[in-house]
Amino acid sequence: MRIGLLTEGGYPYVSGDAGLWCDRLVRGLGQHEFDVYALSRSERQEAAGQVALPSQVTRVRTAPLWTAEDDGVAHGRRARRRFTEHYGALVSVLCEGVPADAGAGRSALQADRFGNALYGLAELARDEGGLVGALRSEHAVRALERACRAPGALGTVREARVPDLLAVAAHLEEALRPLSLDWYEDDGDDGLGSVDLCHAASGGAAALLGLLARHFSGVPLLVTEYGVRLRTHYLGAGAGGATAPGAESGSATAPVPHAPAVRSLLAAFHGRLAAEAYRQAACVTPGNAHARRWQERCGADRAKLRTVPPGMDASRFAEVGEAPDAADPRTLVWVGRVEPAKDLVSLLHAFTEIHREEPGTRLRVFGGATGAEGEAYLGHCRMLAAQLFPDEAAGPHAVGDNPVSFEEIGGPEVPGLAEAYAAGSVVILSSVVEGFPVGLVEAMFCGRATVSTDVGAVVEVIGGTGLVVPPRNPRALAEACVALLRDPGRRARLGAAARARALELFTVEQNITAFHGIYLEIVSRSPVRRVALDAAGEPRPFAVPAEAWLPGRWPGLGGRAAPRKPPGWAAEPPPPGTAAGGSAPPHGPSAPRTTTPVAATEGAR
């Protein structure tokens, strides 16, 4: 079958989020063909290039989410009236909120109003050629202001000032940029309307692409979230500003001002968009129970939810996991990206107690920092370690005497992740915010005993094969580490159980098998959308057989694949020096099409 893979700031970019997961999924499902529709987050991400693509990726279409040129569309009076009507209805729903005592009927009515307004704007964009100028116009700001001042509006949004209105309007314009893309053709072979299934690799803008394909062409939608986008928005807003979608360090988008009215309106928008995606999706696949609870809280139907843990490559940790434990039994290891959410400060304070109870213990911190905030936090942690252990760091032999070391992975002693985990007998996760703990699963693959804070999906991942303590509690963290340091037999038993659990639940093979079954299940429940006509222009019943959904060579075509017509648009040109190649399986005798292969571009994953 033909899958439209929808990504935002991810695959196929080298620096994209969830890039490895998408790449493993595409390569593992070689019996299908994939069209990738990617929204980039920044100019820097685009400049970094794309990963090498397998032959089953037949075309790639990209669009920037971080910028949009004015489309130059001049709307007439009727189009302006339509825009004001739909945009006004959308922001009115955002301003009303949902009272705590609201019944299911009112909530469903508001969801319908939001959906109708969203699809009304999408239809207007399709009819007129885009909405970039309209979403940036004074008409949009005035419609937002009227909604905020309306009798049914929340008290918080009624207090919105002009700067708040401008900030919200700018954020909505960026979030709704996918409406203006020409990716939703429903005839021939020209866009998302011709795929069998849309698979959104995240919520937010990626899911919005799938919503529009479903609205215009009836394409079934699958939404996968390993990190719930609405949760990310709330965390960003709580940190002092609500970052607009697609914003990242170095992008052109600045954080939205941290004002109550702004927070309320943007939270309402992202919540409504998430609820609409869950409502229209044929299936929603959270990566863990933590993400699943968020989705249920946003209105996702439990019958549609299917938990699929992310698949990880266990082969690179096999040597360490299968070999006898030769690590220093007095060494603790922390591996990850250094940032405030990882709470290394609490770990360092906990280590003072650990070192007091077990004087020969060492703590090795493996990881670098990204961005100004990360670098500042790393510097602070280095200074704190020197203050907490002044005697060990003083004197002529100060270098290497401190029991706490901060190291980068990639040197001769620790060339890779597996060697970092192998350096200690206990691996620690000290985060205060965590989604799916990838580093924890890597430690489990290596057969290491772990001590983790109870955040995100940690308890679900560990499943009783490690010790879990409350976050921001250095004393509890220290006690758990000391208990494992003093009991080598327990460490060995926990490490073996952790490795067995990780190999059973979190491998690439498990992930690919699960999605292959979900693809087949969704398509089997979806009606055939292509209608074959006879010479008189009348529909031909039973002209699309069941095998049209499956790749292969079928009788009636001379044992050959179905012929394919020239594409309506070309894929992105391959970079200089690369060769195009690869082919995709036929889609069926009733819908021939040409597949434009995408060149395999070189790039690090």
Side-chain angles (χ1 to χ4, degrees), residues 5-11 16-22 24-25 198-208 210-211 221-239 243 245 267 270-312 336 341-342 429 431-442 444 452-463 468 471 501-502 505-508 510-515 517-518 522:
L5 185 60
L6 317 176
T7 67
E8 177 195 350
Y11 189 75
D17 296 340
L20 280 178
W21 166 71
C22 290
R24 290 165 181 162
L25 177 71
C198 282
H199 186 176
S202 67
L208 179 56
L211 285 175
L221 172 62
L222 167 64
V223 177
T224 296
E225 286 188 307
Y226 289 129
V228 179
R229 294 301 302 271
L230 183 61
R231 173 179 178 268
T232 304
H233 167 78
Y234 279 130
L235 291 175
T243 305
H270 289 289
R272 290 292 180 189
L273 182 60
E276 181 65 15
Y278 302 150
R279 185 173 71 150
Q280 300 296 342
C283 183
V284 180
T285 56
N288 50 73
H290 182 254
R292 182 175 183 135
R293 287 193 295 270
W294 271 88
Q295 292 168 342
E296 289 182 0
R297 184 68 179 83
C298 294
D301 183 359
R302 290 188 177 185
K304 294 182 178 181
L305 295 175
R306 190 85 56 84
T307 302
V308 181
M312 299 175 58
K342 303 301 182 181
L429 183 145
S431 304
V432 294
V433 176
E434 194 77 49
F436 185 85
V438 173
L440 193 57
V441 177
E442 293 172 344
M444 294 168 69
S452 311
T453 50
D454 186 5
V455 292
V458 165
V459 172
E460 179 186 1
V461 168
I462 286 294
V468 181
R501 178 176 175 82
L505 298 178
F506 306 122
T507 60
V508 175
Q510 296 287 345
N511 183 267
I512 291 173
T513 301
F515 277 113
I518 291 172
I522 292 176

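Since we're looking at a predicted model, the values are computed, not measured.
- The shortest distance between side-chain heavy atoms of E434 and L440 does not fall below 4.5 Å.
- Rounded to the nearest 0.5 angstrom, Q295 CD and D301 CG are separated by 12.0 Å.
- Taking every heavy atom of both residues into account, S452 and V458 meet most closely at CB-CG1, 3.6 Å.
- The shortest heavy-atom contact between A207 and L221 is O-CD2, 4.3 Å.
- The line from CD1 of I518 to OG1 of T513 is 11.0 Å long, rounded to the nearest 0.5 Å.
- When every heavy atom of P437 is checked against every heavy atom of L429, the shortest pair comes out as CB-CD1, 3.9 Å.
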- Item | Test log, rule side-chain contact (heavy atoms from CB on, under 4.5 Å), inputs V461 and V441 | CA-CA 7 Å; V461 168; V441 177; 3.7 Å; yes
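- For A514, the side chain to side chain contact (heavy atoms under 4.5 Å, CB included) test picks out V308, with sequence neighbours left out.
- Listed by chain and residue number, F506 satisfy the side chain to side chain contact (heavy atoms under 4.5 Å, CB included) test with P309 (two or more places apart in sequence, or in another chain).
- Every residue two or more places apart in sequence or in another chain that forms a side-chain hydrogen bond (donor to acceptor under 3.5 Å, both in side chains) with T224 is listed here: H199, T285.
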- Message: Is there a side-chain contact (heavy atoms from CB on, under 4.5 Å) between R24 and N511? Walk through the geometry before answering.
- Response: CA-CA 9 Å; R24 290 165 181 162; N511 183 267; over 6 Å; no
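- Partners of E460 by side-chain hydrogen bond (donor to acceptor under 3.5 Å, both in side chains), not counting sequence neighbours: none found.
- Not counting sequence neighbours, the partners of T307 by the side-chain hydrogen bond (donor to acceptor under 3.5 Å, both in side chains) test are R292.
- Between R279 and E276 there is a salt bridge, with a side-chain nitrogen of the basic residue lying less than 4.0 Å from a carboxylate oxygen of the acidic one.
- Looking at residues two or more places apart in sequence or on another chain, you find a side chain to side chain contact (heavy atoms under 4.5 Å, CB included) between A274 and Y278.
- Looking at K304 and C283, their side chains never come closer than 4.5 Å, going by heavy atoms from C-beta outward.
- Summarising the geometry of T7 relative to C22, their closest heavy-atom pair is CG2-SG, 4.4 Å, with the distance given to 0.1 Å.
- Take R501 and apply the side-chain hydrogen bond (donor to acceptor under 3.5 Å, both in side chains) test, not counting sequence neighbours, and it matches no residue.
- The minimum heavy-atom distance linking G287 with P310 is given by the pair O-CD, 3.9 Å.
- One finds the SG atom of C298 at 13.0 Å from the CZ atom of R293 (value rounded to the nearest 0.5 Å).
- For L305 against P286, the heavy-atom pair with the smallest separation is CD2-CD, 4.3 Å.
- Between the side chain of T453 and the backbone N or O of V432, no donor-acceptor pair lies under 3.5 Å.
- With rounding to the nearest 0.5 angstrom, the CZ atom of R306 is 10.5 Å from the CZ atom of F515.
- In this structure R297 satisfies the side chain to side chain contact (heavy atoms under 4.5 Å, CB included) test with no other residue, sequence neighbours excluded.
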